[in-house]
Structures are given as C-alpha cells and as structure tokens.
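Basis for what follows: all heavy atoms, side chains included, without hydrogens, waters or symmetry-related copies. Along the sequence shown, residues carry numbers from 1. This structure is a prediction, so every number in the text was calculated from the model and none was measured.
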Amino acid sequence: MKQRTLAREVTIQGKALHTGEEVTMTMRPAPANHGIVFKRVDLPGSPELRPRVDQISDLVRATTIQVGHAKLHTVEHILSALTGCGIDNVLIEINASEPPIMDGSARPFVNMILQAEPVEQDKDREYFTLDAPVSVSRGNSTIIALPADELKISCTSADDRGIHTQHLSISIDPDIYMSQIAAARTFTIYEDIEELLKLGKIKGGTLDCAVVIKGDKILSKEGLRFNDEFVRHKILDIVGDITLLGMPLKAHIIATRPGHAINADLTKALYEKLLERKKKPAKKKAARADTLRPNETSLDIKRILEMMPHRYPFVMVDRVIEFIGDNELVAIKNVSINEPYFQGHYPEEPLMPGVLQLEAMAQASGLLLLRGISVDGRTPFFMSADKIKFRRPVRPGDQLTINAKLTKIRANKLAVAEATCTVGGNVVSSAELMFTLVDAAGNMGGS
C-alpha cells in the first residue's frame with residue numbers, strides 16, 4: 001500500500017462540543033512521511049502538534065493532547081476519519097483548541113476528505129503488525145489486541161444499567177469505514193449531562209450533535225442511523241484513539257465496554273511494543289533451506305515445506321517422487337474430500353478447481369527450478385501461464401500426478417516449464433509456465 005494525502009485543501013466551520021468555541025479547520029495536502037500534523041494558527045508562533053499517545057493530557061469523555069502550552073481537545077473523531085479513510089499525510093490548520101463537533105460523528109470529516117480527493121504518493125505505507133497478544137483492563141472494561149493481517153475490531157458496548165448492550169465485529173478498510181462506521185454519532189446518558197456541565201464539558205452540546213439516552217428512550221433531532229449506532233461509535237472512537245500510536249496498525253482488537261481511558265491504555269501498551277521493536281537490532285536472515293542436496297532424488301512433505309513459502313491450505317504438492325536429471329520431475333498431489341475448496345466448489349458434485357491444478361503445476365515447476373538453476377538465495381516467482389488446457393474432471397479420492405519439465409532458461413533469471421497433470425494415466429490438465437527469480441521472498445507458484 002502506498003501512502004496517501006489530499007489533492008487539494010478543504011475547510012470546515014462549526015462549534016466545538018466541550019469548549020463551545022466557533023472553529024474554522026482547514027486540511028491541506030502534505031508530502032510523504034509528513035504524518036498527521038495539527039497547527040494551532042490562533043496561538044503565537046502557530047505551534048504544531050503531531051498526535052502521539054505520550055501527549056495525552058485529559059481523557060474525560062474525549063481525548064485531549066498537549067505539547068507545551070498548545071492543547072487540542074476531542075481529536076478522536078477527526079483522527080478516526082483520517083485513519084478510516086487511509087490518509088497518512090495531512091496538515092490540519094485550526095484556529096481553536098478543539099475541532100468542530102458537527103453532527104457528533106466522523107461523517108462530516110469523511111466528506112471533507114472525499115471533497116479534497118485522496119491521492120497516492122510515491123512512498124510505501126509502513127504498518128505496525130502485532131506479533132503477540134496485548135491486553136489491558138480498567139474497572140469493568142477490557143481490551144485485547146491479537147495478531148492479525150488487517151485491522152479488525154470486535155466490540156461490545158453497554159451502559160452501567162446493563163441495557164442498550166450492542167455487539168459488532170467488523171474489519172476496517174476505507175469502504176467499510178465510510179459506509180458502516182463514520183456516520184455513527186457520539187452519545188451520552190441523560191443523567192450524566194449535569195455532571196459533565198459541572199466539569200466544564202459539553203458547552204457546545206445540543207441534540208443536533210449527540211444522541212441522548214433517557215431510560216429506554218432515545219433523544220435526538222434525528223432517529224438512530226443504525227440499530228446498533230452506539231457500538232459503531234465506540235468502534236469509531238477506537239479507530240481514532242489508536243491513531244495516536246503514530247503508525248497504521250494491523251491487529252484484531254476485542255473490546256468490552258471501551259472508553260477513551262482504556263483505549264489510551266491499549267495504545268500506550270502498543271506504543272511500548274513498537275519502541276521495543278525499534279530498539280532491537282535487525283536480525284540476520286537465517287540461511288535458507290530451499291536448496292536441493294546433490295544426493296536427493298525425491299522430496300517428502302517436510303522437505304517441500306522447507307523449500308516453499310506456502311502453507312495450508314495452499315500446499316499443492318505432497319511429494320516429489322522422482323527427479324529426472326536436472327530439468328524434470330514427477331510429483332503427486334493427493335486430492336482429499338477434506339480440501340477446503342470442496343465446500344463451495346460444486347459441493348453437490350465436488351471438482352478440484354482448474355486454477356488449483358495450475359497452482360500444483362506451478363509449485364512443482366518451482367521446486368524443479370531450485371534444482372536446475374543456481375538460485376543464490378532467490379525465490380522462483382510465477383509470472384504467467386500459456387496454452388492452458390483442462391481435459392477431465394478431478395474428484396475427491398484422485399491422485400494427481402504432476403510432470404514438470406524445464407524447457408528454457410535465460411541468464412538464470414527467467415525460465416519456462418511445461419507441465420501436465422494426470423489421473424490414472426489420463427491427462428487432466430496441462431500448461432506452459434513462465435517464472436522469474438526475485439531477490440526478496442516471493443510467492444512461488446502464487447496464482
């Protein structure tokens with residue numbers, strides 16, 4: 001994924017929720033690696049704030065950050081919109097201590113971003129991918145973050161009376177965020193309003209910018225936008241609060257009764273993990289096990305897994321039963337009814353998909369490349385297929401015999417192989433495959 005910024009500047013005006021101030025806020029494009037930066041243009045010297053978890057100064061019903069004398073209240077909705085829409089670099093000029101609350105959701109900020117038109121930049125986006133579970137608790141609230149290859153949030157929301165309990169589990173990407181999360185509005189219990197006013201909060205609050213819960217009734221000028229709008233807003237806040245990590249996150253967050261304080265606890269714990277990872281010296285890559293020994297005439301599944309990057313359910317070669325010189329091999333794939341693709345591929349008349357037969361041919365040919373070419377730590381990468389033919393169906397219980405032969409090798413960088421799959425001596429599929437050798441670990445046979 002590439003970093004993203006805005007194509008043009010865009011401005012919004014409104015009233016702040018807690019301070020009641022009239023606010024003008026402008027988003028401006030920013031160069032790659034700039035990050036999200038707020039600029040308080042109403043203060044002497046126009047100080048800038050780069051939102052980070054170590055800048056948090058107040059968490060009472062909102063997230064406040066502070067650098068020196070410069071403060072920003074209620075940053076979670078604008079940060080949520082930026083992260084939810086995949087914006088990495090932006091300069092936000094603001095003439096007050098708090099962004100405008102607008103309708104109490106992130107939707108007005110999403111509309112700003114869309115109006116400004118997100119554009120890709122020439123730098124790759126760097127993620128913090130969690131590699132071990134992290135958990136935090138505070139009173140009757142808990143959050144657990146688990147390793148995942150995406151940002152996913154599973155949240156259970158409930159008030160102190162145990163009513164209005166809602167649950168939602170959802171992956172976060174720009175399309176899902178904009179359609180399913182951004183419009184959810186902030187909410188409060190009616191009985192809490194007086195206490196918040198005593199604390200100097202919600203001076204700009206009205207029923208236009210929040211949903212108020214009074215007993216079993218919902219007070220707002222607009223009805224609920226989602227049946228589970230409360231838990232969706234909790235997820236919106238989590239997305240905003242984890243933005244203070246300073247780097248896009250890949251993890252599965254499981255939250256029960258979250259709020260800004262425990263969201264900050266989680267972000268602090270993740271930030272500590274991030275700092276630890278940055279301090280560790282880079283590990284030297286272990287010697288690769290994907291070179292064939294001179295005396296190997298066959299390969300069992302253990303050796304195949306040492307040589308290929310694939311893992312279940314995408315290992316399509318069970319055994320290499322014979323190498324014929326340096327340029328040919330015979331391999332097998334046992335087709336079992338337990339293969340996961342049979343659940344959805346003609347389940348009443350299960351057939352092995354042709355694309356997976358092609359994958360089996362590509363993986364077998366990739367193994368052959370490791371024998372026929374001096375790879376020097378490189379990985380065979382499947383580029384293209386030609387002359388593909390599927391002749392007969394392959395069913396559960398069949399044993400696929402794969403014959404692969406290298407036909408062309410160019411400068412130890414490009415190779416062409418011919419491959420066929422047979423069942424019981426009958427050809428079921430065939431193809432001509434092209435590979436390249438890449439320095440970084442690629443997907444051998446990744447169709």
Side-chain angles (χ1 to χ4, degrees), residues 1-7 27-39 48-56 63 65 67 75-76 78-92 109-110 113 116-134 143 145-153 171-178 181 235 238-253 263-264 266-286 309 379 381 438-443 446:
M1 296 290 292
K2 295 294 186 181
Q3 295 181 27
R4 301 207 305 172
T5 188
L6 307 176
M27 295 185 191
R28 300 185 186 277
N33 298 327
H34 177 275
I36 299 170
V37 177
F38 289 93
K39 188 172 185 178
E48 294 184 351
L49 298 89
R50 297 177 178 271
R52 295 292 184 272
V53 70
D54 55 355
Q55 299 171 0
I56 292 175
T63 299
I65 58 174
V67 176
V75 295
E76 62 271 14
I78 179 63
L79 292 180
S80 183
L82 290 166
T83 295
C85 293
I87 302 300
D88 303 277
N89 304 300
V90 63
L91 176 64
I92 304 168
F109 304 131
V110 168
I113 292 166
E117 192 177 342
V119 291
E120 284 193 351
Q121 297 173 286
D122 60 358
K123 295 289 185 180
D124 290 333
R125 177 182 295 157
E126 185 179 355
Y127 290 88
F128 177 58
T129 302
L130 191 63
D131 58 5
V134 173
I143 303 185
L146 301 174
D149 60 2
E150 61 176 348
L151 177 58
K152 182 177 181 179
I153 301 176
S171 298
I172 303 297
D173 66 28
D175 289 338
I176 291 173
Y177 180 88
M178 288 188 285
I181 300 299
I235 291 174
I238 291 172
V239 173
D241 287 336
I242 62 172
T243 302
L244 295 168
L245 180 64
M247 180 181 292
L249 175 67
K250 288 186 178 182
H252 181 188
I253 296 173
N263 295 349
L266 174 69
T267 309
K268 288 174 183 176
L270 293 172
Y271 189 64
E272 289 173 2
K273 294 283 186 184
L274 176 59
L275 293 179
E276 288 174 10
R277 189 175 298 182
K278 287 181 176 180
K279 288 177 182 177
K280 287 181 180 178
K283 291 183 179 179
K284 292 183 179 180
K285 291 185 178 180
T379 299
F381 192 90
V438 296
D439 293 328
N443 295 320

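Within the 3.5 Å criterion, the main-chain N or O of C85 finds a donor-acceptor partner in the side chain of R4. Q3 places no side-chain N or O within donor-acceptor distance of the main-chain N or O of D122, the cut-off being under 3.5 Å.
Closest of all the heavy-atom pairs between A145 and L130 is O-CD2, 3.4 Å. Closest approach of R52 to L245, counting heavy atoms only: CD-O, 4.4 Å.
Separation of atoms CZ (R125) and CE (M247) is listed at 12.0 Å; rounding is to 0.5 Å. In this structure, the separation between CZ on F109 and OG on S80 is 10.5 Å, given to the nearest 0.5 Å. In this structure, the separation between CG on D88 and NE2 on H34 is 12.5 Å, given to the nearest 0.5 Å. Rounding to the nearest 0.5 Å places CG of L244 at 11.5 Å from CG of L266. K39 contributes atom NZ, which lies 12.0 Å from atom CG of L49 (distance to the nearest 0.5 angstrom). We find the CD1-CD1 distance between I78 and I92 to be 5.0 Å, quoted to the nearest 0.5 Å.
Every residue two or more places apart in sequence or in another chain that forms a side-chain contact (heavy atoms from CB on, under 4.5 Å) with D175 is listed here: D173, M178. When the side chain to side chain donor-acceptor pair (under 3.5 Å) test is applied to E272, no partner is found at least two apart in sequence or on another chain. Scored by the side chain to side chain donor-acceptor pair (under 3.5 Å) test, R28 finds E9, E93 as partners (sequence neighbours excluded).
Using a cutoff of 4.0 Å between basic side-chain nitrogens and carboxylate oxygens, D124 and K2 are scored as salt-bridged.
Looking at V239 and I181, their side chains never come closer than 4.5 Å, going by heavy atoms from C-beta outward. Using a 4.5 Å heavy-atom threshold, the side chains of P118 and I113 count as touching.
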One pair to check against side chain to side chain contact (heavy atoms under 4.5 Å, CB included): R50 and V37. What are the steps and the verdict? CA-CA 5 Å; R50 297 177 178 271; V37 177; 3.3 Å; yes

Report the C-alpha separation of D241 and T63 in whole Å, then their side-chain angles, then the decisive distance to 0.1 Å, and conclude whether the side-chain hydrogen bond (donor to acceptor under 3.5 Å, both in side chains) test is met. CA-CA 7 Å; D241 287 336; T63 299; 2.8 Å; yes

Verdict with reasoning, D54 to K268, per salt bridge (Lys or Arg N to Asp or Glu O under 4.0 Å): CA-CA 8 Å; D54 55 355; K268 288 174 183 176; over 6 Å; no

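Of the listed residues (V119, I36, L6), just one forms a side-chain contact (heavy atoms from CB on, under 4.5 Å) with I87, and that residue is L6. Checked against L249 for a side-chain contact (heavy atoms from CB on, under 4.5 Å), the options I172, T83, L274, I242 give a single hit: I242.
Q121 and T5 are not linked by any side-chain donor-acceptor pair at a separation below 3.5 angstrom, with hydrogens and angles left out of the test.
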